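Here the structure is laid out as structure tokens; the discussion comes afterwards.
Being a predicted model, the structure only gives us computed values, none of them experimental. Atom set for the values below is all heavy atoms of this structure, side chains included, hydrogens, waters and symmetry mates excluded. All chains are named by letter (A, B, ...) in the order of the sequence lines, taking the proteins before the strands, and each is independently numbered beginning at 1.
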Amino acid sequence: MFKRVLIANRGEIALRIIRALREMNIESVLIYSKADAKSIPVMAATKSICIGEAHAKDSYLDQDKIIDVALKCGCDGIHPGYGFLSENADFAKKCQENGITFIGPSPELIDMMGDKQTARDLMKKSNVPIVPGSDGLVETYEKAKSVAKEIGYPVLIKATAGGGGKGMRECFSEEELKNAYETAKSEAMNSFGNGEVYIEKLILNPKHIEIQIIADKYGNVVHLGERNCSIQRNHQKLVEESPDFTLTEEKRQIMGDTAIRAAKAAGYDSVGTIEFVVDSQQNFYFIEMNTRIQVEHPVTEMLTDVDLIKEQILVADGHKLSLKQEDINLNGYAMELRINAKGCGKVTCLHFPGGLGVRIESALFEGCEISPYYDSLLAKLIIHGKSRLEVIRRARRALEELIVEGVPTNVQEMYMLTYEPEFVLGSYNTSFWNKSEKTIKERTEKWTCSIS
Amino acid sequence: MFKRVLIANRGEIALRIIRALREMNIESVLIYSKADAKSIPVMAATKSICIGEAHAKDSYLDQDKIIDVALKCGCDGIHPGYGFLSENADFAKKCQENGITFIGPSPELIDMMGDKQTARDLMKKSNVPIVPGSDGLVETYEKAKSVAKEIGYPVLIKATAGGGGKGMRECFSEEELKNAYETAKSEAMNSFGNGEVYIEKLILNPKHIEIQIIADKYGNVVHLGERNCSIQRNHQKLVEESPDFTLTEEKRQIMGDTAIRAAKAAGYDSVGTIEFVVDSQQNFYFIEMNTRIQVEHPVTEMLTDVDLIKEQILVADGHKLSLKQEDINLNGYAMELRINAKGCGKVTCLHFPGGLGVRIESALFEGCEISPYYDSLLAKLIIHGKSRLEVIRRARRALEELIVEGVPTNVQEMYMLTYEPEFVLGSYNTSFWNKSEKTIKERTEKWTCSIS
Amino acid sequence: MELIFEIWERFDRSSAVEMSYSSNDFNLVLKKGTATGGCMEVSPVASFTPVKSESVAQVSDVTYVNAPIAGIFYRSPSPDEKPFVMIGDEVKTGQVLGIVEAMKMMNEVTSPIDGVIEAIIGTDNEMIDYDGALFAIAKKQG
Amino acid sequence: MELIFEIWERFDRSSAVEMSYSSNDFNLVLKKGTATGGCMEVSPVASFTPVKSESVAQVSDVTYVNAPIAGIFYRSPSPDEKPFVMIGDEVKTGQVLGIVEAMKMMNEVTSPIDGVIEAIIGTDNEMIDYDGALFAIAKKQG
């Protein structure tokens, strides 16, 4: 077993990992930036070493410094958390070269899954459904027409060099295709000097559903059910829940089995998430694999009673997976609400909700400074209950009890969100936030007044 | 369903009930004393009414005022919590007479179970093991000798009029009996003017184990496993856990079935607890029944995922029990650590632990005043985990994170307690605190510095 | 005037610590004493504290008459009759100002001093807390 | 008026700390208790804050020499040799005071001023934080 693990992260996830290590009787060494000197993880770790200035490149992203501290402190493992170096194959490789276990998959796996085309090819080979498309460049309108016909409308024409919506055209019928194809091509040429395009099926307002898996080094893989993460603002998740309320049990089984197949095909050996988009007919398509622990992992922990961080550490240490698929039961409902800062400042008053079915993951404390250098996540409110309605009502009362003063937050918006009919019905998809933002913000403004 | 429920209590249990009501969409009316004006329950309830001075007799025990407020506010139910009026048959009767549902058993049941002899007789009739004894007065030494022989040594000779240890004699063999019998009798005569004594088997250092049950008005009863509450200081519980680590599965079944039989015999129809003492051979004997929700109910909630307060409210409202015995699974281990004040003052700094498997039940807030009028419970730290060892380690890290400043507390003692070998092994009984107090206190003094 | 006091009473019962109100007729600003100072004041519940006496403590020579018991406050002996007192009325020590009904008993609220009714704080026909302020009486000068 | 109270009640139930409302008829401002200042001192973490540099900040005319990088601090060029400096030693600007080894590089720590070694804060052979204080140097008078 590990003797001492370095945590190359900050905030709530650093605290989450320190707690798990503490409970496993493993020492923790935290590296931190000057901006985080007054923080709970710094206090909670067995040892904390300041390695640089606030900017992540001088601290949380400084690979060589981190490895050096790990070696000097006698660490035999490094936990990267999420973000920062968690999906950096070079860093994982440096750990390996220095005889330190990177708590995550091998550098090769990170590389493979980080490359969209390689991952897509692997999934296709493994019989995992991917978004249908041209599988390569579409050089002529004639080819475009035949590809579109084959995969069915609507389709999306995308420039290989594209980005930010440029060189991208939605197309709902063959009548629109010629114009869309030519426009996308010329726009791509004008914008990027490269007119190459390809075609994909356009999935309209899909659900974003991901399957949590865990695998050991001996080819054992189990899945721990799905999370619906469709409530996103600018691809930033706001609420995640499990199980997905509208997924049939049959489809859940199939998606779970597919995720296991995907992980096995990759030879995966850590915690990870297979992300799918699911259309209104419950057709699902692989989009990507996250080769790290995710922000929303507690949702799955509440349902399965599996401590994902501990399991991740155990399998990294070469332990055989203690779980079997038949041991995994999804018990009740769980939801995570992300409480974000909408600006900087000092937290002048803090009060967290408690009681049955309420879990808090946060490194906040009264008096702490919210700095502009890192992400805006202040706290994760994780609610568990027997029914989805109980969870929603519990979330409301928890949000009513929550007090974070001194820093502008999204608490009020989250509260208003819990009253949106589409949310209550559980039938929402990724279009939810765009559709509901106006109402939620109006209601929030109507009933509250922002701190000026 | 209830429209509006009055809560005749304060502190953490008032907040617990308000939260449950809020989640059930039922309005809450809280009565409070002037000493509790600045409290979280007062804030959290739909409506709060101050009914008198700090002393409980002027507020939380003032039955007529409470009923009056309930009527004036249109409450159709009263939840008494624990302590105060929760096991007061007169109060339950007054509720009934005023057309308000007392959320608990009927006055007759409270009366019956409140009278030790009646309860004992009922249990005996229902084939529930009770502590063997003379079943009535022992007028002569000859009778004492035959009773003692029948039930077996050691025995306890107790004065019917006794109290505070007076007129009570332990007796380990027949040689000691004559002297013990005569001494007890004369001591009782001298102290109380009544020399009547009876004899009971002396259970040496038993475990205190209780079975949680819930029953509806239609004769359905389920049990929700046991709690080991053997760690007590002056009959005040400090730590409760479930399941009991040393109880065999067979004995658990038998005790559970016995508790159900006892509840059915009484015609019980609410949440309740059957308390047993268990000797070193795992023989168990009924001692009493608690006809209310108990402080330590969350331990059972963590294992069973049953919200006991909600179920209590539902069965009081005449709902049929939704649970069947086969639905009840004890999932993992859970423990409650009671954080008590050891003096009064203002809480100047407060920080609660969070994360996986940690539940807080508390009405504390930073700045609150701990008054001398009510009990000393500040917070309940409820820890859940997969194994008992995980729970103990999690409890330690949670206690390390917990900060309560400004008021002397038992936090450090609880922390030291979690390192006591007998506690770690789970083999402790009611003698634990007396045996361990000295070590715990010495270690606490050695490693901490009390707030002066 | 009634409106102000109704607002005022609501303010006291509410968790607000500060308020201002303006209409065609008047402006009203209310703050609770907890809005300034050290850390205790920023506690989540400090904001729910009824601090009646503090909030009106500026006004000197005013005596508050509080409810002797939690119950329903009545301003008049019966629904058809006139209120016992109106704002501006002169009152004598021992004079009945109102009634608090609790447990089927009518508890008379009497004036502890000779003075003038400055404010009627309790709301007719509504629940009043134990020791909750019902009347403010200005001491008669001289 | 009903509207005000409805807003108010909503405000109370919400965790908003402040609100204002205005219409043709009236303006309404509500705030909850957010006091400023004083609170940070009782924060749970204030107690674990490393305050080395602050705690010695009272001494005037002292310059701290901090670690340029996190690493192992060495007081001497090699284990067998004497320390670069001892307390009381006079040092010149640019003089080597110690070494911080990080990423297999020996980073010399030099004196920024002419002065006298007042204190050696770093521990020989132990990990030092980035920007952690190693030496205190008293400025040479005159």
Side-chain angles (χ1 to χ4, degrees), chain A residues 12 15-25 40 43-44 297-298 301-302 305-310 322 329 331-332 349-367 379-387 389-398 400-401 403, chain B residues 12 15-25 40 43-44 297-298 301-302 305-310 322 329 331-332 349-367 379-387 389-398 400-401 403:
Chain A
E12 68 86 18
L15 183 59
R16 170 76 186 87
I17 298 162
I18 291 166
R19 284 170 170 163
L21 291 169
R22 173 80 183 83
E23 289 173 20
M24 297 171 86
N25 218 17
I40 286 189
M43 159 195 95
H297 74 276
E301 291 182 327
M302 301 313 276
D305 270 326
V306 172
D307 185 327
L308 283 168
I309 300 286
K310 284 188 189 168
S322 61
N329 295 302
N331 180 15
C349 181
L350 180 67
H351 189 82
F352 280 127
L356 181 58
V358 176
R359 168 178 170 191
I360 307 289
E361 291 287 346
S362 176
L364 276 195
F365 61 94
E366 200 164 291
K380 304 188 306 199
L381 202 60
I382 303 120
I383 310 289
H384 184 221
K386 267 182 303 190
S387 69
L389 186 58
E390 183 174 72
V391 168
I392 291 174
R393 284 179 164 168
R394 191 162 281 163
R396 287 174 185 165
R397 76 101 176 135
E400 286 165 5
E401 289 177 27
I403 301 176
Chain B
E12 68 87 18
L15 183 59
R16 170 76 185 87
I17 298 162
I18 291 166
R19 283 170 171 163
L21 291 168
R22 171 81 183 84
E23 290 174 19
M24 297 170 86
N25 219 18
I40 287 189
M43 161 195 92
H297 74 275
E301 291 181 327
M302 301 314 276
D305 270 327
V306 173
D307 186 327
L308 283 167
I309 300 286
K310 283 188 189 168
S322 61
N329 294 303
N331 180 14
C349 182
L350 180 69
H351 188 83
F352 281 126
L356 182 59
V358 176
R359 169 178 169 190
I360 307 289
E361 290 287 345
S362 177
L364 277 196
F365 61 94
E366 199 165 293
K380 304 188 306 200
L381 202 59
I382 303 120
I383 310 289
H384 183 221
K386 266 182 304 190
S387 70
L389 186 57
E390 183 174 72
V391 168
I392 291 173
R393 285 180 162 168
R394 191 163 280 162
R396 288 175 185 165
R397 76 103 176 135
E400 286 165 5
E401 291 178 26
I403 301 175

Side-chain contact, heavy-atom cut-off 4.5 Å: Ile40(B) with His351(A)? yes
Relative to chain A, which segment of Arg394(B) carries a heavy atom at a distance below 4.5 Å: side chain, backbone, both, or neither? both
Is Glu12(B) in contact with chain A via its backbone, its side chain, both, or neither, using a 4.5 Å heavy-atom distance? neither
Heavy-atom cut-off 4.5 Å, strictly under: side chain, backbone, both or neither for [X] against chain B?
{"X": "Leu308(A)", "result": "neither"}
{"X": "Arg16(A)", "result": "side chain"}
{"X": "Lys380(A)", "result": "neither"}

Which heavy atom of Glu361(B) sits nearest a heavy atom of Leu356(A), and at what distance? OE2-N, 3.5 Å
Could you have a look at Met24(A), Lys310(A), Arg396(A) and say which one has the most heavy-atom pairs with chain B under 4.5 angstrom? Lys310(A)
With a 4.5 Å cut-off on heavy-atom pairs, point out which of Glu390(A), Arg359(A), Arg22(A) contacts chain B the most. Arg359(A)
Mind checking what makes side chain to side chain donor-acceptor pair (under 3.5 Å) contact with Glu401(B), not counting sequence neighbours? Arg19(A), Arg397(B)
Interatomic distance, Lys386(B) atom NZ to Asp307(A) atom CG [nearest 0.5 angstrom]: 6.5 Å
Between the CG atom in Asp305(B) and the CG atom in Asp305(A), the distance rounded to the nearest 0.5 Å is 7.5 Å
